[in-house]
Each structure stands twice: as C-alpha cells, then as structure tokens.
Amino acid sequence: MVLVGPSGAGKSTWADAQFRADQVVSSDRLRALVGEGEDDQRAGTDAFAVLDMVVERRLKRRLVTVVDTLGLEPKRRAGLVAAAAQAGVPAHAVVFTTPAAECRARNRARARPVPPKVLTAQLAQAGAITAESLVAEGFAAVHAPGEVRVVAPDLVAAPAARRRQQEDPMPLEFGLQLPRFNFPGGAAETAGTLRAVAEAAEEAGFTSMWVMDHFIQIPQAGRDWEDMLDSYTTLAFLAGVTRRVTLGALVTGVTYRNVAHLGKIVATLDVLSGGRAVCGIGAAWFEREHKAYGWEFPPLRERFELLEDALQALPLVWGKGAPSFVGRRVEIPEAICYPRPLQERVPIMIGGGGEKKTLRLVAQYADACNLFGDAATVAHKVSVLHRHCADVGRDPAEVRVTHLSSARVADADAVEDEIGRLRQLAEAGVQTAIVNLPDLTDSSEVERFAAVIAAF
C-alpha cells in the first residue's frame, strides 16, 4: 500500500493506527536511521535508497507493506508499482484528500514545520492526482483512508464465499488435528486437557481426530524441545475418551515401523475404538528425527517403493488367513493379525499432493488423500487425481478428498472468515476439512469452532 498525500494529511497517524509498526516503511523514520533525525533532509537520498531495498525484500517475502512517504512523485510511485509487479503482488494506493487548511494547521503545529511554499507545492501536486490516473499507473485499486482489517490472502474472497454458504449450503465434514501438546500445567495436566478437548470436539461436531506421527516436534509447528506424544499411544487414549470420531495419524511415516507391525497396531486401534481407525500413511520426510532415533532414512525413491509395498501389504495383514507378501522393499512371510480389524476394510489415507507419484498411489490403493494449499491449488490437485483414477479405471468418487490447514476463530469476524475460506475449499472438491487450532490450550477454542461446523 502506497500512501499518497501532502504533509499534514494524516498519513503516518492513519498507518500507525491501522497497521503494526513492522508493516510500515516510513521515509521519515529511515531518515532518523541514516541521518540526524526524521527532519534531516540531507539524509533523504540515503533514506529512500534504504526504503527501496526494504520494500523490495519485504515484497519478495510477500509481507504486508505500507509505504509511508508523500507519494506525490510519479517516478517514485512507478518504481513502487514495478517492485510490486516484480514480486507478483498487487499495489494499492491510499489517497488522503485532507483539506488544505487542515494540512497547513497541522504543519504549523509541528516542532519543525515544512516551509509554507513547499507545502503549497505539495498541495498542488496532490490536487492533480486522481483515482483514474493512479489506476492508469498500474495500481490495482485506489482507496480512501478508513478502517482496515488485515487478513491472509486466502481470506480475501471469504465474505462472498460465506454469503454463498448461507444462501446455498454445501456439506463439509470436519476433523481436528492436534499437532502440539504444550498445554498449561505441563505433562501432569496433559491427559486431563486432552480428554476435555476430545469431548468438546465430539460435542462441536467434529467427525474425526488426528495426531502427527512424529517423535520430535517439527519446525513448522513449534520448538524441538516441546512435548510430543507418541502417536498411536495417544490415539488409543483418545479411543477411550470418545465414542463417535474416527481416529488416525496424519500421517504415519512408512519408515518408522515394520509394515506388518504397523498393521497390527492399526488393527488393535480399530478393535479398541469400536471400528473407528483410519490408517494415514506417507513416505516420511523428517530426516533429523530418523537420525535421532537411529532409523534409516533411505532416498526418496526407495521410500516411495516402501510406501507402495505397504499399501499392498496392509490389506493382507488385516485380511483373512496368513498369506505371504514379497515386494520391492518389504517381505512378510506370514501376514497374520488376530484380532482382525472390526471394519471390513480399514480406510487408508495417503498424505501429500505430489502429482506424479503420490496422487497416482492414491488412485491405485487409497481411500482418501490429504491435500494442502488454497482453493485453486486444491482444485488443480483434484483434477490430477481424477486423471490418475481414469488411468487405472477407478471411480474418483471412491476417494475422499481431505484438506489440512490452520484455523483461528478468536472472534466473530474470524469465524465468518473461516466459513468463507472453507466454502471455497468445498467448492474445490474437499469433503473433509481437517483443521488445527494454533491457539488451542483448552477446550474453549474447539467450542468456538462449533459455529463454523454448524454453517456446514
């Protein structure tokens, strides 16, 4: 966002009120960094050189960036529009049309006012700028200053999608993922908090609960010294404190366990949960974890061969008798498992959206896939999956499409945003939205999410 207006128009005051300080790049503040103060005009050239560099780096990282300068020079505006285009982000202009008398009054009240002749020239420049001329310069839109709510990119279209959900509801099931266990009170309170969260999840309308299959907290979720519960022990605990939700690991790394033993573990979970187990499985990726626990971490090609062997072998383990299995990486002399799972077929979910291998394996062997990304990405992945299904002669309706993402529901606006975001995913082909709630420390966050589930 490029602020446009003369001195005294209120640009900095507005930016400070509407955005975090780290989102605003101010030429005045940069003068203070490279010169002797915000009013040091001799430092202007250096300040704008630093500003251009900071803006470029922020746009490269796709960070919200508010450029607080006069914004009156066409050449400087053109440079900012070009920088945004280079980074693939839209540039918006916010135009301040504060009356000239008010600008002059504010300027006179400053400790170091802009010379009157300079301000007069600025007012003349500002008067020549129109919304049409700024759009012609390449700005995506032109705005008057007002209240701002900053949202993630995938929430920009949420209001319209939420209205579609109200007017023409689409069904969507919900799963709750628990990626962190750093609850208040530490390990001594973990079991009680987990029980309360699970009970609240069923009450809220979640149809499934999921845990990560990791032994050390992953970098994307937290710090490596955070508590990380064993996945299948935790799922067994959840089986004992719930009655309806299905239960699974999202997803089990195929390198972590002997495949036949994994089949035994999942079968036991299915029996003890009353037929509610799902076998989530993937090729594994966290190399550090393998090294820490002394497991082999073979090249990706070999991990995919191991995964395909597991997809073929697990139904044999869960089936009748004790057939042998010989694959490329797995050999099972007797695929024997008693008690057998209560379900005739334990559903298999494959995690990941790799278009050449992963989704092909989904089409060949799995009952569900788990995808990531925004609605456009998901729609593309679903189309790829359908092509793989056609290649192997399988009805794509047999494969459930699930999606994993984070969701925040701190207030009513956030709830409405989530309804809109999830409606877009449903339109893209998602049938089960699995969410983790980053602010979850007790059951209250789950209870608030109930309003989102109710909308579907």
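We're numbering straight along the sequence, starting at 1. Reckoned from all heavy atoms, side chains included, excluding hydrogens, waters and symmetry mates.
- None of Val401, Thr358, Thr402, Thr432 except one satisfies the side chain to side chain contact (heavy atoms under 4.5 Å, CB included) rule with Asn370; the exception is Thr402.
- The only option from Arg340, Arg276, Gln343 that meets the side chain to side chain donor-acceptor pair (under 3.5 Å) definition with Asp270 turns out to be Gln343.
- Using modelled atom types, one finds a donor on one side chain and an acceptor on the other under 3.5 Å when comparing Glu447 with Ser443.
- Defined by atom type and a distance below 3.5 Å, a donor-acceptor pair is missing between the side-chain atoms of Thr268 and Tyr232.
- Looking at Gln165, its side chain does come within 3.5 Å of a backbone N or O of Met170 through a donor-acceptor pair.
- A distance of 12.0 Å separates CG in Leu316 from SG in Cys337, rounded to the nearest 0.5 Å.
- The only option from Leu385, Val382, Ile350 that meets the side chain to side chain contact (heavy atoms under 4.5 Å, CB included) definition with Cys369 turns out to be Leu385.
- The salt bridge (charged side-chain N to carboxylate O under 4.0 Å, His left out) check on Asp395 picks up nothing, with sequence neighbours excluded.
- Residues Val67 and Leu51 meet the side-chain proximity criterion, which asks for heavy atoms closer than 4.5 Å.
- Distance alone, capped at 3.5 Å, is enough to place a donor-acceptor pair between the His388 side chain and the Glu355 backbone.
- Without hydrogens or angle criteria, Thr207 side chain to Val245 main chain gives no donor-acceptor distance under 3.5 Å.
- Looking only at distances, a side-chain donor or acceptor of Thr69 sits under 3.5 Å from a matching main-chain atom of Gly71.
- Note on ring orientation: taking the six-membered ring where Trp is involved, the planes of Phe181 and Phe183 are perpendicular (angle over 60°, cut-offs 30° and 60°).
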Exercise. Any chance you could lay out the side-chain contact (heavy atoms from CB on, under 4.5 Å) test for Lys11 and Leu70, step after step, and finish with the verdict?
Key: CA-CA 8 Å; Lys11 300 183 298 299; Leu70 293 175; 4.0 Å; yes

Self-check item: side-chain contact (heavy atoms from CB on, under 4.5 Å) assessment of Val197 paired with Leu176
Solution: CA-CA 10 Å; Val197 167; Leu176 176 65; 4.0 Å; yes

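- Under the 4.5 Å side-chain criterion, counting only non-hydrogen atoms from C-beta, Asn182 is not in contact with Asp227.
- Within the 3.5 Å criterion, the main-chain N or O of Gly263 finds a donor-acceptor partner in the side chain of Trp318.
- Scored by the salt bridge (charged side-chain N to carboxylate O under 4.0 Å, His left out) test, Asp213 finds Arg257 as partners (sequence neighbours excluded).
- To the nearest 0.5 Å, atoms CZ (Arg77) and CG (Leu134) are separated by 5.5 Å.
- Ring centroids of Phe449 and Phe206 are separated by less than 6.0 Å, placing the two rings close together.
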Per-pair distances, 0.1 Å, donor-acceptor, side chain in residues 296-307, under 3.5 Å, sequence neighbours excluded:
{"residue": "Arg301", "atom": "NH1", "partner": "Glu305", "partner atom": "OE2", "Å": "2.9"}
{"residue": "Arg303", "atom": "NE", "partner": "Ala283", "partner atom": "O", "Å": "3.0"}
{"residue": "Arg303", "atom": "NE", "partner": "Ala284", "partner atom": "O", "Å": "3.2"}
{"residue": "Arg303", "atom": "NH1", "partner": "Pro298", "partner atom": "O", "Å": "2.8"}
{"residue": "Arg303", "atom": "NH2", "partner": "Ala284", "partner atom": "O", "Å": "3.2"}
{"residue": "Glu305", "atom": "OE1", "partner": "Arg329", "partner atom": "NE", "Å": "2.8"}
{"residue": "Glu305", "atom": "OE1", "partner": "Arg329", "partner atom": "NH2", "Å": "3.0"}

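- Atom CD1 of residue Ile434 and atom OG of residue Ser406 lie 12.5 Å apart, to the nearest 0.5 angstrom.
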